[in-house]
Amino acid sequence: MRAVVTRVSRADITINGEKGGSIGKGLLVLLGINHNDTEKECKYLAEKCVGLRIFEDENGKMNKELKDFGGEIMLVSNFTLYADCSHGKRPSFINAARPEQAIPLYEKFKGFLKDSGINLVTGEFGADMQIDHVNDGPVTIIMDTDEMQRSKKNGN
């Protein structure tokens with residue numbers, strides 16, 4: 001499972017031409033689901049997103065998480081995070097989970113975020129979406145559960 005997490009001062013989403021929702025200060029999370037992912041990766045990555053201490057405290061240090069100031073999350077599914085561009089010029093998406101597997105995992109991920117008590121706005125799986133956001137910092141972090149698990153095993 002992969003997430004591109006962007007610290008935003010605001011974000012708005014349009015879904016199939018209709019206003020879908022907006023958030024103030026918080027995180028825009030683009031979520032890609034791999035065909036090998038399970039509920040375990042959903043829970044792990046959702047907890048990581050909610051607990052990221054990437055918001056500035058009174059001393060200007062990245063030391064606060066969403067709960068510290070009532071921050072929000074906008075979650076958007078994005079299978080293109082699993083693009084393989086190693087051959088030719090047209091990406092392959094063979095590593096992205098098919099909708100029949102990805103949708104239930106996306107819903108689980110959404111559930112874990114909701115259970116955390118953070119205000120959540122979501123996109124619509126498989127819809128045409130446009131996201132307008134202001135990257136605050138800019139701060140953008142890429143998290144990949146496979147890489148994070150390898151790092152844990154190696155003691156990092």
Side-chain angles (χ1 to χ4, degrees), residues 1-35 37-58 60-85 91 93 95-99 101-149 151:
M1 194 163 282
R2 285 187 184 147
V4 175
V5 180
T6 302
R7 186 177 78 180
V8 298
S9 54
R10 67 156 188 82
D12 303 286
I13 189 165
T14 302
I15 304 168
N16 295 324
E18 304 279 327
K19 183 169 173 48
S22 62
I23 63 168
K25 188 172 182 176
L27 299 176
L28 168 60
V29 178
L30 304 179
L31 182 69
I33 301 170
N34 182 282
H35 57 82
D37 288 332
T38 66
E39 187 174 329
K40 177 183 170 190
E41 285 82 16
C42 285
K43 185 173 182 3
Y44 176 78
L45 194 55
E47 288 173 354
K48 283 286 192 183
C49 288
V50 168
L52 275 177
R53 292 175 32 194
I54 59 172
F55 296 91
E56 293 179 357
D57 64 15
E58 49 284 342
K61 289 197 174 250
M62 284 191 203
N63 210 17
K64 289 188 173 187
E65 60 187 69
L66 290 167
K67 289 181 181 179
D68 293 334
F69 63 92
E72 304 174 287
I73 293 180
M74 179 177 286
L75 173 66
V76 180
S77 63
N78 191 329
F79 77 95
T80 64
L81 294 180
Y82 275 99
D84 178 353
C85 299
F93 301 103
N95 291 321
R98 305 274 315 142
Q101 178 190 8
I103 292 170
L105 291 174
Y106 175 74
E107 293 298 322
K108 286 278 186 193
F109 193 90
K110 222 164 73 171
F112 289 130
L113 293 179
K114 282 182 182 175
D115 291 347
S116 75
I118 301 294
N119 185 48
L120 178 65
V121 171
T122 63
E124 182 180 318
F125 193 95
D128 178 48
M129 295 176 276
Q130 288 75 45
I131 303 162
D132 180 29
H133 70 282
V134 176
N135 189 332
D136 182 17
V139 175
T140 301
I141 296 173
I142 301 170
M143 294 190 288
D144 184 307
T145 54
D146 288 342
E147 289 178 15
M148 294 163 95
Q149 294 300 339
S151 182

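These values consider heavy atoms only, across backbone and side chains, with no hydrogens, waters or symmetry-generated copies. Start at 1 with the first residue, then count along the sequence.
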Rounded to the nearest 0.5 Å, how far does [atom2] of [Y] lie from [atom1] of [X]?
X	Y	atom1	atom2	answer
Leu27	Ile54	CG	CD1	5.0 Å
Asp68	Glu56	CG	CD	13.5 Å
Glu47	Ser116	CD	OG	9.5 Å
Thr145	Asn34	OG1	CG	7.5 Å
Leu28	Glu72	CG	CD	12.5 Å
Phe125	Phe79	CZ	CZ	9.0 Å

For [X] and [Y], which heavy atoms make the closest approach, and how far apart are they?
X	Y	answer
Leu66	Cys49	CD1-O, 4.4 Å
Glu39	Leu105	N-CD2, 3.8 Å
Tyr106	Gly123	OH-O, 3.7 Å
Cys42	Lys108	SG-CB, 4.2 Å
Ile73	Leu113	CD1-CD2, 3.9 Å
Gln101	Pro104	O-CD, 3.3 Å

Please check if atom [atom1] in [X] has more than 12 non-hydrogen atoms from other residues, nucleotides or ligands closer than 6.0 Å.
X	atom1	answer
Ile142	CD1	no
Lys19	NZ	yes
Glu18	CD	no

Is [Y] close to [X] at the side-chain level, that is, under 4.5 Å between some pair of heavy atoms?
X	Y	answer
Thr122	Met74	no
Phe109	Ile33	no
Leu75	Leu120	yes
Leu30	Val5	no
Val50	Lys67	yes
Ile15	Asp128	no

Item to check | Evaluation steps, side chain to side chain contact (heavy atoms under 4.5 Å, CB included), between His35 and Asn95 | outcome: CA-CA 6 Å; His35 57 82; Asn95 291 321; 3.5 Å; yes
Item to check | Asp132/Arg10 salt bridge by N-O under 4.0 Å criterion | outcome: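 Salt bridge flag = yes for Asp132 with Arg10.
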Item to check | Salt bridge present between Lys64 and Asp57 (N-O < 4.0 angstrom) | outcome: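 So Lys64 does not pair with Asp57 through a salt bridge.
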Next on the checklist: Applying the side-chain contact (heavy atoms from CB on, under 4.5 Å) criterion to Leu45, which one of Arg2, Lys40, Met1 satisfies it?
Outcome noted: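 Single pass found, and it is Met1.
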Checklist entry - With ring centroids as reference points, do Phe69 and Phe55 lie under 6.0 angstrom apart? => result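 When the ring centroids of Phe69 and Phe55 are compared, they turn out to be within the sub-6.0 Å range.
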May I ask you to decide if [Y]'s main-chain N or O and [X]'s side chain share a donor-acceptor pair within less than 3.5 Å?
X	Y	result
Thr6	Val8	no
Glu41	Thr38	yes
Ser77	Leu31	no
Glu65	Arg53	no

Checklist entry - Could you walk me through whether Phe93 and Tyr82 pass the ring pair (Phe, Tyr, Trp, His ring centres under 6.0 Å) check? => result CA-CA 6 Å; Phe93 301 103; Tyr82 275 99; 10.0 Å; no
